[in-house]
Amino acid sequence: MIFHDFAAKNYALADTLSSGQAFRWREVNGAWEGVIDANWIRLSQSKSGIRAEVLQPVADWRWLSDYLQNEVDLDSVISSFPEDPHMAKAVESSRGLRLLRQDPWECLASFILSSTKQIVQIQQIVDLVCSRFGQSLRVPDGHPPAFSFPSAERIASLTESELRCCKMGFRAPYLKGSAEMIVSGEVKLADLFANNIEEARAELMKLPGVGRKIADCVLLFAYGFQQAFPIDVWILKALQQLYFPKRKQSPKKMTEFTESYFGPNAGYAQQYLFHYMRTRIGRASK
DNA sequence: TCAGACCCTCACAG
DNA sequence: ACTGTGAGGGTCT
């Protein structure tokens, strides 16, 4: 086992890994186990930051630092949020929550599978997809097996009914269709980093099963467009209750509001609001 | 703009 | 234990 410690001030590892950005992390005895690319990995909170455990020697840890985004100056991000009591509460309730920087294909595929599903169900589907069609990975002795996320080529090669066996239902043709467009080069995921957010969003929305919300999730969680603000039912409910308690806003108005109100790090603000609604309010008011 | 369909699973009543 | 019902990080037509 190989250890590496990352300096990270103000990093809420558990909140970050369980916040519905990524679906492959599980808490095991106080640590978090998951897969990044083709590496099984265990993460835990340490005094000065984050401790990582892997099984093979690593020459350059930048891939993990990129993923974790531990070098982002969170204080300056938070200070860019609008000053209002709701944001203040959301930040206070999970200070240290971060945005990850995930692989575009895995992120895209995961969110195609997310529509009208609860987070636990998404995790279950993603797990099934990986264990059936991913590549088996090295894990510690005696540890349950772990698998990589299957490539777009692999998904494109499967039949719809093979995919439906993973309990993804009507999302199966969306996932397969998107994989095919990526394999054919009709949409080039690697090129979107060079685009501006509107162009990148338009490209993603060419894919079947990808509308505005899922596109924004991918822009935010994989490409690092921090102004992207995915609006789902939770956030919609939060915005409606907190900012427009009197008057119901149309989806279009709400989008305009988020684009102007939350600033350059709107995506971070969204993540804090989402986490706040889901963990604090959602449960109590249900 | 606006329903309704879309698969499937789980939680929760009765 | 068994069946019925509703809703779940949306998208498409």
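Just so it is clear, the model here is predicted, and its values are computed rather than measured. Chain naming here is simple, since letters A, B, ... match the order of the sequence lines and numbering starts at 1 in each.
Ring geometry for A:Tyr174 versus A:Phe170: interplanar angle over 60°, hence perpendicular rather than tilted (30 to 60°). Taking the six-membered ring for Trp and thresholds of 30 and 60 degrees, A:Phe257 and A:Tyr243 have ring planes inclined between 30 and 60 degrees apart.
Contacts of A:Gln270 with the nucleic acid, taken as non-hydrogen atoms under 4.0 Å apart, include base atoms. Heavy atoms of A:Arg171 sit under 4.0 angstrom from at least one base atom. At the heavy-atom level, A:Gln21 lies under 4.0 Å from base atoms of the strands shown. Residue A:Ser19 is in base contact, counting any heavy-atom pair closer than 4.0 Å across all strands shown.
Under the Watson-Crick or G-U wobble criterion, with both distances below 3.5 Å, C:dG9 has no partner in any strand shown. Of all nucleotides present, only C:dT3 satisfies the Watson-Crick or G-U wobble test against B:dA13, with each distance under 3.5 Å.
Aromatic ring centres of A:Phe193 and A:Tyr223: separated by under 6.0 Å. Between A:Phe23 and A:Phe111, the gap from one ring centroid to the other is short of 6.0 Å.
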With 3.5 Å as the limit, what N/O pairs link the protein to nucleotides 10-13 of chain C?
unit_1	atom_1	unit_2	atom_2	d
C:dG10	OP2	A:Thr116	N	3.1
C:dG10	O5'	A:Thr116	N	3.4
C:dT11	OP1	A:Gly211	N	2.8
C:dT11	OP1	A:Gly211	O	3.3
C:dT11	OP1	A:Ile214	N	3.0
C:dC12	OP1	A:Gly209	N	3.1

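Considering only side-chain atoms of A:Gln271, the nucleotide from B:dT9, B:dC7, C:dG9 that sits closest is C:dG9.
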May I have the step-by-step check of ring-ring contact (aromatic ring centres under 6.0 Å, His included) for A:Phe149 and A:Phe133, ending in yes or no? CA-CA 8 Å; A:Phe149 194 92; A:Phe133 305 119; over 10 Å; no

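Using a 4.0 Å cut-off, no side-chain N or O of A:Gln118 falls inside it from OP1 or OP2 of B:dA11.
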